[in-house]
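Below, chains carry the letters A, B, ... as their sequence lines are ordered, and counting in each starts from 1.
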2 protein chains.
Amino acid sequence: MGGPRFEPVRAVRAYERVVEQIEEAVESGALTPGERLPSERELMVQFSVGRSTVREALRVLQARGLVRSRPGDPNGAEVLPFSPVVLKKSMTTLARVSELSLGELAQFRMVLDATAVLLAARLRTEEHLAEMAAAVEDMKAAGATGFGAADVAGFGAADTAFHDAVARAGGNKLIQVCTDVVRAVMAGLVEDRLARAPDREALMRRGVAHHEDVIAALRAGDGPLAARLTRQWTYDSYAGHLPADERAALRALLE
Amino acid sequence: MGGPRFEPVRAVRAYERVVEQIEEAVESGALTPGERLPSERELMVQFSVGRSTVREALRVLQARGLVRSRPGDPNGAEVLPFSPVVLKKSMTTLARVSELSLGELAQFRMVLDATAVLLAARLRTEEHLAEMAAAVEDMKAAGATGFGAADVAGFGAADTAFHDAVARAGGNKLIQVCTDVVRAVMAGLVEDRLARAPDREALMRRGVAHHEDVIAALRAGDGPLAARLTRQWTYDSYAGHLPADERAALRALLE
DNA sequence: GTAGCCTACTGGTCAGACCAGTGGACTAGC
DNA sequence: GCTAGTCCACTGGTCTGACCAGTAGGCTAC
């Protein structure tokens, strides 16, 4: 302990203080989603700063997904409910600049998807099961009409709906958001490969069968079985796209 | 298919196009971390927009963690390496507004930590093991000098260093970042409870023993054992802070 | 009663100005 | 020759004032 510890003085910009105050109001619940902020000209009076300062603050808040502003709107900026788009954005950035490999994404997803179904086996309701069944029906429909690009997209949307229902049934919002984000990132990496796969018809059929097996396991309350099925499915889906070392690592997670 | 599909025309703001171009340059690697952007006045010429537009674009890029600008810097804004602070920020927001419970965080962390050690058992090098051992020594040191608030903080820092080394050994950057973020969020939720715990001395001692067990398992290459130890440790650490239903869900993940 | 216009707002953008801070060039002193 | 100090060109941060296009609600004329 050598005397008083000085901290570097950090110039705190005016717009940062504006951001802080509004952010605090939103996160503390003083401003709820759907409510409106005062107009920029009103805010510049309340904070006694210039309009450019207000605007920069609003830009930051918008980038964080807290508010949205529309030109011409007679009301001010709208407070938004939380949405994972910012999380998705930063995770996509992480994937791009950190060069996340497909294998790392697959590991992450395999583990979290398996956890989601394990939890869902305990907590699922009939409504959840019905939603999953409906999603599987959509997958069948997309598979029945043909196997063009639109159908592959529809199949993917139904698949997402299925996993979303599972994640909600599991009751863990963090897992729900993260698996959703990673699914989107991975879809961006392999979508064209999948759409052009010559055996995509067989793949889709096996996918439907797999999801039905999972629903059956969830209905029976057999979490470990559902988790095993999910892990195996993830492995089967991506192992073919991975180099040998990443494939081995993924296999190690199968248990 | 009913005729051409019209998309809603979205007014694309000028600053958004500026953001896009710079973002693309950064993510594609045309601009590498440490490089400098031109000054705002130079950018406003290159993009032929006003300075406020340039500034709003830079604010957005700064909020996304891509650049940083300092007043008075004769160079322009600096391109930053990826850092998980934005990810952490949005996950913290998720935790606050979505009311993520401690149980959800614990589930997430238990599963990912266990995965990290499982992978680390396969891929760990002697350097990784040495780093982990050093972190454990730091934990011992923090525990030996006393049990004040500063020592608890030091203990936590060493604990973070340990888990960071494990995650790096596992080779999955996504898991590394996510566990780090969640650890920070959870620490914010329970730190005061932990610092005031009357039995924190015993807790810290058991923590040291646990981490040494994990290192031994990793050295032996026994991933499943290391994973089991990790899960159990997470459960023991947080079960006491959870309501009954969340505790039961967490126990279900122990396997 | 309704279609259309009018108007008072909104946010988006620009131009220009000033300030405080930075860092490099330049210079005076040793 | 080298250092300490000054100076200056330039930076980002902020404010002012202005204009435009878009929106919504009220008003008017049919």
Checklist entry - Any side-chain heavy atom of B:Thr115 within less than 4.5 Å of one from A:Phe108? => result no

Checklist entry - Is a donor-acceptor pair below 3.5 Å formed from side chain B:Arg51 to base C:dG16, judging by atom type as modelled? => result no

Next on the checklist: Side chains of B:Arg109 and B:Tyr238, heavy atoms from C-beta outward: is any pair under 4.5 Å?
Outcome noted: yes

Checklist entry - Got a donor-acceptor pair under 3.5 Å from the side chain of B:Arg55 to the base of C:dT13? => result no

Item to check | Rounded distance (Å) that lies between atom C1' of C:dG12 and atom CZ of B:Arg17 | outcome: 12 Å

Checklist entry - For DNA chain D, whose closest nucleotide is more 5', that of A:Val54 or that of B:Pro38? => result B:Pro38

Checklist entry - Considering only side-chain heavy atoms of A:Ala14, which listed nucleotide, C:dT13, D:dT14, D:dG12, is closest? => result D:dT14

Item to check | Separation of D:dG13 P from A:Phe47 CZ (nearest whole Å) | outcome: 19 Å

Next on the checklist: Once you apply a heavy-atom cut-off of 4.0 Å, does A:Arg36 come out as touching a base, just sugar-phosphate, or nothing?
Outcome noted: nothing

Checklist entry - Whole Å only: how far is the CG atom of B:Leu43 from the C1' atom of D:dG12? => result 12 Å

Checklist entry - Roughly how many Å is it from CZ in A:Arg41 to P in D:dC15, rounded to a whole number? => result 16 Å

Checklist entry - Between C:dA8 atom P and A:Glu40 atom CD, what is the distance in whole Å? => result 21 Å

Next on the checklist: So that I can tick it off, tell me whether A:Arg17 and A:Glu20 are bridged by a salt bridge, with the cut-off set at under 4.0 angstrom between side-chain N and carboxylate O.
Outcome noted: no

Checklist entry - B:Glu131: what forms a side-chain contact (heavy atoms from CB on, under 4.5 Å) with it, not counting sequence neighbours? => result B:His128, B:Ala165, B:Arg168

Checklist entry - For A:Glu16 and D:dG12, what is the distance between atoms CD and C1' respectively, to the nearest whole Å? => result 13 Å

Item to check | Rounded distance (Å) that lies between atom C1' of C:dC14 and atom OH of B:Tyr15 | outcome: 17 Å

Next on the checklist: From CE of B:Met44 over to C1' of C:dA17, roughly how many Å is that when rounded to an integer?
Outcome noted: 12 Å

Checklist entry - Under 3.5 Å, is there a donor-acceptor pair between the A:Thr53 and A:Glu56 side chains? => result no

Next on the checklist: Side chain of B:Thr53 only, heavy atoms from C-beta on: which candidate in C:dT13, C:dC18, C:dG12 is closest?
Outcome noted: C:dT13

Checklist entry - Which pairs, with at least one residue in residues 174-183 of chain A and sequence neighbours excluded, count as a salt bridge (charged side-chain N to carboxylate O under 4.0 Å, His left out)? => result A:Lys88-A:Asp180, A:Asp113-A:Arg183

Item to check | Interface with DNA chain C, restricted to residues 68-78 of chain B and to heavy atoms under 4.0 Å | outcome: B:Arg70, B:Pro71, B:Gly72, B:Pro74

Checklist entry - Pick the nucleotide of DNA chain D nearest each of A:Ser48 and B:Glu42; which residue has the one closer to the 5' end? => result B:Glu42

Next on the checklist: For a quick check of understanding: with a heavy-atom distance under 4.0 Å over all strands, which category does B:Ser39 fall into, base, sugar-phosphate or nothing?
Outcome noted: sugar-phosphate

Item to check | Residues A:Glu42 and A:Ser39: side-chain donor-acceptor under 3.5 angstrom | outcome: no

